[in-house]
Amino acid sequence: MKYFQLKLSLFTDSLCQTLDGMMGGNERPHVDYEAETLLARISHRLERLYNTMQENRHKAEEEKAELQSLVSDISHQTKIPIANLKMLNDTLLTRPVTEEKRREFLEATGSQLDKLDFLIRAMVKTSRLETGLIVLEKKPAAIADTLAAAVNGVLAPMEKKQITLSVDYPEDLTVSHDSRWTSEALFNLLDNAVKYTPADGNIYVTVEVWEFYVKIDVADTGRGIPESAQAIIFKRFYREESMHNVDGIGIGLYLAREIITMQGGYIKVVSEIGKGSTFSVFLPWR
Ligand code: ADP
């Protein structure tokens with residue numbers, strides 16, 4: 001009895017020490033495999049608790065780094081439109097300008113404000129998707145309707161650039177997916193196809209039924225994407241250096257990929273400079 005009391009007292013001391021160490025910093029608990037069964041069981045659980053704590057700590061650090069990079073991205077993205085707005089505003093306030101110039105300046109501020117508005121909306125949408133505030137609802141819906149909603153959004157700019165579109169899909173195809181958000185992802189791909197294809201080009205949308213997936217291709221005859229950029233174009237705010245004459249903020253592909261992966265699918269790209277690009281969306285059947 002005395003022996004057990006002594007053992008228990010020693011174990012309690014060492015337990016307190018270990019707990020203090022764990023709470024104070026990163027100290028790994030000492031596991032005494034030789035100890036009596038009860039004590040060994042507590043030691044094992046302590047080690048598991050320690051591992052969980054470490055995992056949570058890493059996760060929190062990762063989230064903090066992600067948040068920091070998001071804030072720095074936002075500040076980077078808003079810097080230019082805000083600087084432009086300040087300059088235009090200053091000029092209008094401090095210099096006499098003709099009526100024609102005044103209009104020109106106000107149109108320029110309007111377009112910078114549109115850019116900021118679009119950016120903020122896209123950010124809010126992204127963060128709502130990422131934090132689970134927006135939940136995608138997969139239910140059987142006609143692919144034709146999802147496609148139609150996406151195509152409607154690009155008809156006007158397509159006509160402006162005299163780009164023709166051909167769509168080929170199996171009729172009456174129903175797939176379990178979130179139609180509204182999938183439309184948005186497909187719209188982003190179509191919008192890019194129109195933006196990055198010169199006038200008189202072509203866009204082809206084809207839907208194929210595969211064993212586990214439904215594959216939706218958005219192919220264009222545009223300028224293509226260099227192989228070195230094909231993996232990073234999906235990153236938030238990534239834009240090709242040579243694309244700065246085309247409007248955009250680099251969030252379309254990122255959002256498209258988020259929306260599709262949240263439904264258990266994926267997107268890939270095949271492209272050749274000067275020939276065009278094909279973005280393929282793979283949506284699982286269920
Ligand atoms: P944005 O179009 O606003 O720049 P995206 O995320 O939609 O942002 O696209 C990221 C980059 O990928 C674009 O800046 C462009 O360089 C490239 N890209 C996307 N789609 C195409 C396409 N169909 N043809 C050529 N380049 C493309």
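The structure displayed is predicted, hence computed values, not measured ones. Just follow the structure's listing: the first ligand is 1, and inside any ligand the first atom is 1.
- Some N or O of Leu253 is nearer than 3.5 Å to an N or O of ligand 1, by distance alone.
- For Tyr254 against Arg236, the heavy-atom pair with the smallest separation is CD1-N, 3.6 Å.
- At a heavy-atom cutoff of 4.0 Å, ligand 1 is contacted by the backbone of Ile249 but not by its side chain.
- Assignment of Gly222 to the shell around ligand 1 is not supported, since no heavy atom sits closer than 4.0 Å.
- Defined by atom type and a distance below 3.5 Å, a donor-acceptor pair is present between the side-chain atoms of Thr146 and Ser179.
- Connectivity analysis of hydrophobic side chains (ILVMFWY, heavy atoms under 4.5 Å, direct or indirect) links Val270 to nothing; its cluster partners are none.
- In this structure, the protein non-hydrogen atom closest to atom 13 (C) of ligand 1 is Tyr196 OH, 3.3 Å.
- Proximity of Asn188 to ligand 1 is not established, as no heavy-atom distance is less than 4.0 Å.
- Within 6.0 Å of the OH atom in Tyr238, the count of heavy atoms belonging to other residues, nucleotides or ligands exceeds 12.
- Residue nearest to atom 17 (C) of ligand 1, selected from Ile233, Val218, Leu190: Ile233 (by heavy-atom distance).
- For atom 26 (N) of ligand 1, the closest heavy atom belonging to the protein is Ile225 CG1, 3.3 Å.
- In Asp220, the part holding a heavy atom less than 4.0 Å from any atom of ligand 1 is the side chain.
- Of all atoms in ligand 1, numbered sequentially from 1 with element shown, those under 4.0 Å from a heavy atom of Gly252 are 5 (P), 6 (O), 7 (O).
- Among all non-hydrogen protein atoms, the one lying nearest atom 19 (C) of ligand 1 is Asn192 ND2, 3.6 Å.
- Near Ile251, the atoms of ligand 1 lying under 4.0 angstrom from a non-hydrogen atom of the residue are 6 (O), 8 (O).
- Taking the six-membered ring where the residue is Trp, Phe282 and Tyr266 present parallel rings, their angle staying beneath 30° rather than reaching 60°.
- Shown in contact with Lys195 at under 4.0 Å from a heavy atom are these atoms of ligand 1, numbered in order with element: 1 (P), 2 (O), 3 (O).
- Of all the atoms in ligand 1, the ones that sit under 4.0 Å from a non-hydrogen atom of Tyr238 are 10 (C), 11 (C).
- Taking every non-hydrogen atom of Arg239 and a distance limit under 4.0 Å, the qualifying atoms of ligand 1 come out as 1 (P), 4 (O), 14 (O).
- Between the CD atom of Gln54 and the CG atom of Leu49 there is a distance of 10.5 Å, given to the nearest 0.5 Å.
- Ion pairing between a basic and an acidic side chain is recognised when a charged N comes within 4.0 Å of a carboxylate O; Lys59 and Glu62 show no such pairing.
- Ion pairing of Asp117 with Arg121 is present here, as a side-chain N (NZ or NE/NH1/NH2) and a carboxylate O approach within less than 4.0 Å.
- Only the side chain of Phe279 comes within 4.0 Å of ligand 1, judged by heavy-atom distances.
- The minimum heavy-atom distance between Trp285 and Thr174, with the atom names listed, is CZ3-O, 3.7 Å.
- Taking a cutoff of 4.0 Å between a charged side-chain nitrogen and a carboxylate oxygen, Asp178 and Arg180 do not qualify as a salt bridge.
- Distance from atom 8 (O) of ligand 1 to its nearest protein heavy atom, with residue and atom name: Gly250 CA, 3.0 Å.
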